[in-house]
**Q** 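Please find one structure pasted underneath; my questions will follow.
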Protein chains: 2
Amino acid sequence: MISKGQKTRNTIINAADNLFYQLGYDITSYQEVAQASHLKKANIQYHFSSKTDLLTAVIEHRIEQIRALLEKWSFECDTPYNCLNQFVSMIENNADDLARYGCPMGTLSDELGKSALESQAEARQMFDLFLRWLEARFRAIFPPKQAKDYAQQLMAMAQGASVLSHIYNDPEIIKNHAKMMRKWLKTICKI
Amino acid sequence: MISKGQKTRNTIINAADNLFYQLGYDITSYQEVAQASHLKKANIQYHFSSKTDLLTAVIEHRIEQIRALLEKWSFECDTPYNCLNQFVSMIENNADDLARYGCPMGTLSDELGKSALESQAEARQMFDLFLRWLEARFRAIFPPKQAKDYAQQLMAMAQGASVLSHIYNDPEIIKNHAKMMRKWLKTICKI
DNA sequence: GTCTATAATACGATAGAC
DNA sequence: GTCTATCGTATTATAGAC
């Protein structure tokens with residue numbers, strides 16, 4: 001059974017998650033989180049006594065979502081190549097949001113990297129999860145060193161595409177780069 | 001002859017430029033710009049009556065710097081391939097700053113893309129300049145459509161490398177990706 | 001052109017009633 | 001667990017003295 005307090009907490013975390021993504025962390029205030037979650041500002045502050053607390057909770061929530069997603073992918077995809085393709089599909093499917101708000105992991109980590117290095121270290125775990133998962137898939141095909149490099153390359157392509165499509169507010173940029181990522185995957189995986 | 005007011009203006013713009021880069025635009029206050037430029041806060045506000053005004057001035061200043069840099073490169077480099085290599089060298093030479101603060105163009109445009117779309121359009125011009133310049137160099141070797149794609153690809157690689165190196169605060173990531181960019185340039189330019 | 005003083009508002013945070 | 005009231009401090013911005 002989930003308590004009322006836990007439910008409220010989750011409501012707040014979801015609202016903050018969206019706002020941190022769509023507006024940015026620094027610019028988002030308790031006031032706005034309160035409006036978005038239909039709660040009183042003081043109530044938010046009761047559950048998260050500092051803004052950093054709220055940020056930490058949002059990051060942990062994202063990490064859990066990523067963990068669940070990667071487990072699902074690991075379960076669903078039969079071959080390493082299909083797994084890697086799944087990563088590209090995710091980017092493709094989120095083209096509209098990526099063009100409008102940028103990458104949720106990249107933009108948050110970039111922002112925190114300038115003014116909140118401690119929190120950035122927490123946000124970095126989102127990348128760690130993806131990179132380790134990608135690396136494991138590449139390892140099924142390539143030697144360790146190469147697998148690590150390829151994982152980083154694929155993530156860099158995704159981030160580069162996200163930044164450009166966000167700057168030009170153009171989902172097509174994501175789709176073009178997704179095609180190139182698929183082509184690149186085919187080439188190196190010799191399929 | 002440059003007036004005292006113009007000199008003060010330039011001092012402020014330089015201070016704001018650095019702070020917007022190192023801390024981010026939203027988080028930087030008049031107070032901090034005042035401290036960094038050894039001026040009074042009200043004096044800053046006299047020259048730039050709104051924060052958006054100051055941002056616009058900083059962006060225009062950056063655009064002028066980029067314009068000058070690209071002209072210099074166009075003048076110095078003998079072949080299109082050397083020009084393109086110069087772009088990679090810039091990234092390599094700025095590895096430390098890129099790892100510490102991210103890409104000045106990318107992080108600012110990302111930030112503005114979430115909460116200040118009008119200013120983002122101004123910031124986008126920085127990318128326009130680079131992309132058009134790169135495209136022109138590729139056009140000396142490839143057909144127009146291909147040249148445009150390659151320019152966007154090279155910029156995406158640079159942005160992807162910047163994001164990753166910023167997230168891990170690791171200049172080596174920039175250097176590794178710079179090597180890959182050079183390799184890629186050599187391959188497609190058949191050198 | 002420069003700066004002081006101050007307005008008006010928003011912020012994060014706290015103490016305490018219910 | 002919820003919410004009110006409020007504190008102290010930031011913020012941007014203005015009006016006006018020099």
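Each chain gets a letter, A, B and so on, in the order the sequences are listed, and its residues count up from 1. This one's a predicted model, so the numbers in the text were calculated from it and none came from an experiment.
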**Q** Nearest-Å distance, CD1 (Ile44(B)) to P (dT4(C))?
**A** 13 Å
**Q** Between Gln45(A) and Ser29(B), which has a closest nucleotide on DNA chain D that is more 5'?
**A** Gln45(A)
**Q** Is the shortest side-chain N/O distance from Thr8(A) to OP1 or OP2 of dT2(D) below 4.0 Å?
**A** yes
**Q** Separation of Lys41(A) atom NZ from dG12(C) atom C1', in whole Å?
**A** 7 Å
**Q** State whether Ser49(B) places a side-chain N or O below 4.0 Å from either non-bridging phosphate oxygen (OP1 or OP2) of dA13(D).
**A** no
**Q** To the nearest Å, give me how far apart NE2 (His38(A)) and P (dC3(D)) are.
**A** 14 Å
**Q** Measure the distance from NE2 on His47(A) to C1' on dA13(C) and round it to the nearest whole Å.
**A** 16 Å
**Q** Could you state the atom-to-atom distance from CG of Leu39(B) to P of dC3(C) in whole Å?
**A** 7 Å
**Q** Check every strand shown and say whether Lys7(A) touches a base, only sugar-phosphate, or nothing at a heavy-atom separation below 4.0 Å.
**A** nothing
**Q** So which one's nearest nucleotide on DNA chain C is more toward 5', Gln31(A) or Ala42(A)?
**A** Gln31(A)
**Q** Under 4.0 Å, counting only non-hydrogen atoms across every strand here, what does Thr28(A) touch: a base, just sugar-phosphate, or nothing?
**A** sugar-phosphate
**Q** Should Glu60(A) and Arg67(A) count as an ion pair when the cut-off is N to O under 4.0 Å?
**A** no
**Q** Which part of the nucleic acid, if any, lies within reach of Lys4(A) when heavy atoms closer than 4.0 Å are counted: base, sugar-phosphate only, or nothing?
**A** sugar-phosphate
**Q** Please confirm whether the shortest side-chain N or O distance from Tyr46(A) to OP1 or OP2 of dT2(D) is below 4.0 Å.
**A** no
**Q** Is it the case that the side chains of Asp17(A) and Tyr21(A) hold a donor-acceptor pair, with the cut-off being a distance below 3.5 Å and no angle test?
**A** no
**Q** In whole Å, I'd like the distance from the CG atom of Asp53(B) to the P atom of dT12(D).
**A** 13 Å
**Q** Identify whether NZ of Lys or CZ of Arg in Lys114(A) sits under 6.0 Å from the centre of the six-membered ring of Tyr25(B) and within 45° of that ring's axis.
**A** no
**Q** Please give, in whole Å, the distance from dA7(C) P to Tyr30(B) OH?
**A** 20 Å
**Q** Can you see if the side chain of Lys40(B) gets near the phosphate of dT4(C) - specifically, an N or O under 4.0 Å from OP1 or OP2?
**A** yes
**Q** For dA13(D), does either OP1 or OP2 sit under 4.0 Å from a side-chain N or O belonging to Lys51(B)?
**A** no
**Q** Does Arg132(A) pair with Glu135(A) as a salt bridge, N-O distance under 4.0 Å?
**A** no
**Q** Compare the minimum distances between each of dT2(D), dA5(D), dA13(D) and the side chain of Asn43(A), then state the nucleotide with the smallest one.
**A** dT2(D)
**Q** Over how many whole Å does the gap from Asp26(B) atom CG to dT12(D) atom P extend?
**A** 10 Å
**Q** Centre-to-centre under 6.0 Å for Trp184(B) and Tyr150(B), is that the case here?
**A** yes
